[in-house]
Amino acid sequence: VQLQASGGGLVEPGGSLRLSCAASGRIFRIKNMAWYRQAPGTQRELVATITRPGSTDYVDSVKGRFTISRDNAKNTVYLQMNSLKPEDTAVYYCKVRAITYGSALLEDDYWGQGTQVTVSS
């Protein structure tokens, strides 16, 4: 499974960005999808998750500002980020739990390459 993330960039405080992450490959079904972030010198942090039916969860620091969504037909997950703050600056990674098909069905986690989000004036 290959994950292609996009949408990062430089934005002023209070601005918005929308991240996308598209999965491709021998995908039978994608289960949970998630966004993580990692700022320099810190551990990777879980930001938001979404189940296949659409249930969501967020880390407290982004609740009310970020929205995770998905398009199951496109195997894509999104992260709409509003009211961005300098402390949101980080590399953002998508992760999916996917079942792939080959000689057998296999379930595993897959990571995207990361996209930089910088919030600064």
Side-chain angles (χ1 to χ4, degrees):
V1 175
Q2 296 78 44
L3 298 178
Q4 182 65 48
S6 61
L10 173 63
V11 65
E12 292 185 348
S16 298
L17 284 174
R18 188 189 193 214
L19 306 183
S20 300
C21 178
S24 61
R26 300 177 67 86
I27 299 170
F28 175 75
R29 179 176 294 132
I30 293 180
K31 301 173 77 173
N32 285 11
M33 306 179 89
W35 287 97
Y36 287 73
R37 66 185 178 186
Q38 188 169 20
T42 69
Q43 291 187 330
R44 194 169 294 189
E45 172 188 43
L46 175 61
V47 175
T49 61
I50 185 167
T51 65
R52 186 171 179 83
S55 295
T56 60
D57 197 13
Y58 301 89
V59 67
D60 285 347
S61 59
V62 308
K63 285 181 179 177
R65 301 189 297 121
F66 290 12
T67 302
I68 188 171
S69 60
R70 62 189 287 170
D71 184 332
N72 290 331
K74 295 181 179 180
N75 290 331
T76 299
V77 61
Y78 306 95
L79 187 67
Q80 178 66 44
M81 305 185 293
N82 299 328
S83 302
L84 282 161
K85 304 176 181 180
E87 51 263 43
D88 295 318
T89 296
V91 178
Y92 283 70
Y93 299 89
C94 55
K95 188 186 84 169
V96 304
R97 183 82 175 173
I99 302 173
T100 57
Y101 61 89
S103 57
L105 293 180
L106 298 175
E107 184 171 329
D108 205 347
D109 290 327
Y110 299 87
W111 289 88
Q113 84 282 9
T115 184
Q116 176 71 46
V117 172
T118 302
V119 185
S120 174
S121 55

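Computation of the quantities below employed the complete heavy-atom set of this structure, encompassing side-chain atoms and omitting hydrogens, waters and symmetry-equivalent molecules.
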Check against side chain to side chain contact (heavy atoms under 4.5 Å, CB included), Gln80 and Ser16: CA-CA 7 Å; Gln80 178 66 44; Ser16 298; 4.0 Å; yes
Describe, in one word, how the ring planes of Phe66 and Tyr92 are oriented to each other, choosing from parallel (under 30°), tilted (30 to 60°) and perpendicular (over 60°). tilted
Query raised in the report: Are Leu19 and Tyr78 grouped together when hydrophobic residues (ILVMFWY) are joined by side-chain heavy atoms under 4.5 angstrom apart?
Result: no
For Arg65, the salt bridge (Lys or Arg N to Asp or Glu O under 4.0 Å) test, sequence neighbours excluded, returns Asp88
Worksheet entry | Path from Tyr110 to Ile27 over hydrophobic side-chain contacts below 4.5 Å | yes
Give a yes or no answer on whether the side chain of Arg52 reaches the backbone of Ile30 with a donor-acceptor pair at less than 3.5 Å. yes
In terms of heavy-atom contacts, Arg37 and Ala90 come closest through CB-CB, 3.8 Å
Note: Ala23 and Val1 closest approach over all heavy atoms is CB-CG1, 4.2 Å
Under a side-chain separation threshold of 4.5 Å, the hydrophobic residues clustered together with Ile99 are Phe28, Tyr101, Leu105
Exercise. Within the distance-only criterion (no hydrogens, no angle test), does the side chain of Thr56 pair as donor or acceptor with the backbone N or O of Ile50 below 3.5 angstrom?
Worked result: no
Original post:
For Gln116 and Thr118, does a side-chain donor sit closer than 3.5 Å to a side-chain acceptor?
Top reply: yes
*Is Tyr58 reaching over with its side chain to a backbone N or O of Ile68, donor-acceptor style, under 3.5 angstrom?*
yes
Open item on the list: Check this for me: Glu87, atom CD, are more than 12 non-hydrogen atoms of other residues, nucleotides or ligands nearer than 6.0 Å?
Closed with: yes
